[in-house]
**Q** 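Please read through the structure below; I'll follow up with questions.
The figures that follow rest on heavy atoms only: side chains count, while hydrogens, waters and symmetry mates do not. For ligands, and for the atoms within them, numbers begin at 1 and follow the listed sequence. Index from 1, following the sequence.
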Amino acid sequence: MCGIVGYYGKREVSPLLIKGLSKLEYRGYDSAGVAILSNDGDLTITKCKGRLANLEEKLEENPIHGHVGIGHTRWATHGQPSTVNSHPHSNEKGTISIVHNGIIENYIHLREWLIAEGYKFNSETDTEVIPHLIDYYYDGDLLSALMHATAKMEGSYAIGVVSTYEPDKVVAVRKDSPLIVGLGKEENFIASDIPAVLSETRDVYLLKNNEFVVMDQDGVRLYDAEGRRIEKEIYHVTWDADAAEKGGYEHFMMKEIHEQPKVIKDTMTSRIVLDQPINLDNITISKEQIEKLSKIYIVACGTAYHAGVVGKYAIEKLARISVEVDIASEFKHRDPIIDENTLMIVVSQSGETADTLSAMRLAKSRGARVIAVTNVVGSTVSREADDILYTWAGPEIAVASTKAYVTQLIAMYTIALYFAQNKGTLTTEQLEAYKKDMLELPEKAEEVLKNKEEIQKFASKTYMNKDMFFLGRGLDYAVAMEGSLKLKEISYIHSEAYAGGELKHGPIALMEDGTIVITIATQEELFDKMVSNIKEVTARGAKVFAFAPEGHTEIEEAVNAVTYIPKVNELFSPVIAIIPLQLFSYYVSVQKGCDVDKPRNLAKSVTVE
Ligand code: M6R
């Protein structure tokens, strides 16, 4: 995925584009560029490989003055990160420039056709077909040329276009890649995400697929693919602009880890209230439909998938409905059994993950009902699903997901309890007891955060290791998977998570003197079994660092070090147990000097399959 911005107004465009891109760097950061219609009518492009800072430097050396422009920060898909592959891309005459987020799937075919028509290509990107297509169709109307061009394109795109032919204008469109319009006073913006415009305006249009934008001196006009004007409600952003700033922390990840008590609370607010039925405002699935459910699929990627694994435990335990959890990229390739009594729960922080969207569309096409658990209002999953449960994590900027994960867990528990309430699988007393335990989680999360020093010490003892293993059983296995993903994402240390019981079926062969094993043992019934697994690995020379609930001091004699975590209802322990693991990864990453918020090769949301 990439980030795009655009501006039309009276102010100097270059600093505004850079500022907007700096808020989108989480979407990609291997190269960046801008196209600016300079005051003398020229279309000037500055772009380069590497971080936004390189582009900023270039623009400082050779400033471009103008009031209309577009910008891009790239996460390479087609063609390696290089200056020539960076956006904006232009037609041969340099009269049309575009920025693009997404993938043009039929670009090879279009490229061949355009070459046959006499067009010349410079880059290895799929994107370069777009300015040539617009050039091919341009007949005095930039919007109409973009419409014709997109009609030829297959795939996903959010595109911003500027041209010397119509220098007082930015045109844009989206399909399957996000795009918003920021509405200012005598100035307007386009951007891939709200934080890019938030310092300038809180009023935005959330564009739908195949909606076109024209920004010029008359303001903003929106059109459908047939060229008809459309009206749209303004979405007023209520979250604080500070939510997308570091707020005194060195990294977004640390800030977001610290926001967890608050966002856990926010995600429960008005839904989990003692002595009141669970109230899920955007969920319209009826009691009868819940009773008839024969199967639930939870489908997601990465961290969201790990939240789904916890969801399976919770829904099966509380609501007694059979649940399968699937990695979205695998789901659609295995011809899953789906009928009208199947429910799919898709979990996606961004709501734009391509694999998750494909899985959701497949399930819908076969008659399943879909509940989306997402953090982004107006995202594609939220628009296409039947029901939505928003996680109120606020903008998550660090590429490694932390606060979004815990809110996804809360969403999973909330759905499980809601289904249990509707199916009558829990008594009122049991339901109330679970709700009471859930409501304690924000306070318990605060407690874990007080224990940071211990975790930092532990990180400083282990950060030089090349491999680490995470072990857990039951829900702790789900936490181990997420802990392991966090570590590898931001510290580049190879790590694997294993179910404790599975160890002796193969992975134990990897244990040798000094192997680092991190164990999580919060499940009472599985505690002794976990201790046996710990002994199995220490007997082979492994060093074990354990996370155990307060009070279980007997673990001390089996391990090299232990960090105690506050006791909570063990069904909800993943919410608390993941926090020290997030902190651990963070400190390891910092000690190793890695780029915590923008780890190599990753992007915040993966909008390609
Ligand atoms: O936006 P989504 O929740 O759909 O994203 C899914 C994964 O790409 C995401 O969780 C990824 O694994 C993160 N880098 C995890 O930290």
**Q** Ion pair present between Glu384 and Arg361, side-chain N to carboxylate O less than 4.0 angstrom?
**A**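 Result for this pair is yes, salt bridge flagged.
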**Q** Any nitrogen or oxygen of Thr356 lying under 3.5 Å from a nitrogen or oxygen in ligand 1? Just yes or no.
**A**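 For ligand 1, there is no N or O atom that lies under 3.5 Å from one belonging to Thr356.
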**Q** Can you sort out which atoms of ligand 1 are near Ser401, meaning under 4.0 Å from one of its heavy atoms?
**A**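 Answer, ordered by atom number: 15 (C), 16 (O).
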**Q** Is the shortest distance from a heavy atom of Val399 to ligand 1 less than 4.0 Å?
**A**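 Distance cut 4.0 Å: Val399 passes for ligand 1.
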**Q** Considering the heavy atoms of Ala400, write down every atom of ligand 1 situated less than 4.0 Å from one of them.
**A**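 Listed by number with element: 16 (O).
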**Q** Hey, are Asp266 and Arg271 close enough for a salt bridge, meaning a charged N less than 4.0 Å from a carboxylate O?
**A**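 Arg271 and Asp266: not salt-bridged.
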**Q** For atom 3 (O) of ligand 1, which protein heavy atom lies nearest, and how many Å away is it?
**A**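 So the nearest neighbour among protein heavy atoms is Gln349 N, 2.6 Å.
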**Q** Between Phe458 and Phe584, what is the ring plane arrangement, given parallel below 30°, perpendicular above 60°, and tilted in between?
**A**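 Rings of Phe458 and Phe584: parallel, under 30°.
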**Q** Would you call the rings of Tyr498 and Phe469 parallel, tilted or perpendicular, where under 30° means parallel and over 60° means perpendicular?
**A**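 Taking Phe469 first and then Tyr498, their aromatic rings lie parallel (interplane angle under 30°).
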**Q** Are Lys486 and Glu482 ion-paired here, with the side-chain N under 4.0 Å from a carboxylate O?
**A**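 Yes, Lys486 and Glu482 are salt-bridged.
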**Q** Which atoms from ligand 1 have a heavy atom of Ala304 less than 4.0 Å away?
**A**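 Contacts of ligand 1 toward Ala304, numbered from 1: 3 (O), 10 (O).
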**Q** Which heavy atom of the protein is the closest neighbour of atom 15 (C) of ligand 1, given with residue, atom name and distance?
**A**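 Answer, as residue, atom name and distance: Thr303 OG1, 3.0 Å.
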**Q** Scan Lys295, Arg334, Lys332, Lys312 and name whichever one has a salt bridge (charged side-chain N to carboxylate O under 4.0 Å, His left out) with Asp326.
**A**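 Considering Lys295, Arg334, Lys332, Lys312, a salt bridge (charged side-chain N to carboxylate O under 4.0 Å, His left out) with Asp326 is found only for Arg334.
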**Q** Using 0.5 Å steps for rounding, measure from the CE atom of Met438 to the CG atom of Leu409.
**A**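 Rounded to the nearest 0.5 Å, the CE-CG separation comes out at 9.5 Å.
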**Q** Compute the minimum heavy-atom distance from Glu352 to ligand 1 and say whether it is under 4.0 Å.
**A**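 Heavy atoms of Glu352 never come under 4.0 Å of ligand 1.
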**Q** Atom 4 (O) of ligand 1: which protein heavy atom is closest, and how many Å away?
**A**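 For this ligand atom, the closest protein heavy atom is Thr353 OG1, 2.4 Å.
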**Q** Does Lys604 reach ligand 1 with a nitrogen or oxygen that is under 3.5 Å from one of the ligand's nitrogen or oxygen atoms?
**A**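 No, no N or O pair falls under 3.5 Å.
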**Q** Of all the atoms in ligand 1, which lie at a distance below 4.0 Å from a heavy atom belonging to Lys486?
**A**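 What qualifies from ligand 1 is 15 (C), 16 (O).
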**Q** Could you name each residue pair satisfying ring-ring contact (aromatic ring centres under 6.0 Å, His included) that touches residues 586-609, not counting sequence neighbours?
**A**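 Of all non-adjacent pairs touching residues 586-609, those that pass ring-ring contact (aromatic ring centres under 6.0 Å, His included) are His251-Tyr586.
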**Q** What residue and heavy atom of the protein are closest to atom 13 (C) of ligand 1, and at what distance?
**A**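 Closest protein heavy atom to atom 13 (C) of ligand 1: Glu489 OE2, 3.3 Å.
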**Q** Please determine if Lys604 and Glu396 form a salt bridge, counting it only when a charged side-chain N lies under 4.0 Å from a carboxylate O.
**A**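 Salt bridge: yes.
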**Q** Can you name the nearest heavy-atom pair linking Asp176 to Glu352, along with the distance?
**A**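 For Asp176 and Glu352, the tightest heavy-atom pair comes out as O-OE1, 4.4 Å.
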**Q** Identify the closest protein heavy atom to atom 6 (C) of ligand 1: which residue and atom is it, and at what distance?
**A**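 Result for atom 6 (C) of ligand 1: Cys301 O, 3.3 Å.
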**Q** Starting from atom 8 (O) of ligand 1, locate the nearest protein heavy atom and write down its residue, its atom name and how far away it is, to 0.1 Å.
**A**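 Its nearest protein heavy-atom neighbour is Val606 CG2, 4.3 Å.
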**Q** Among all the protein's non-hydrogen atoms, which is closest to atom 1 (O) of ligand 1, and how far away is it?
**A**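 Of the protein heavy atoms, Ser350 OG, 2.6 Å lies nearest.
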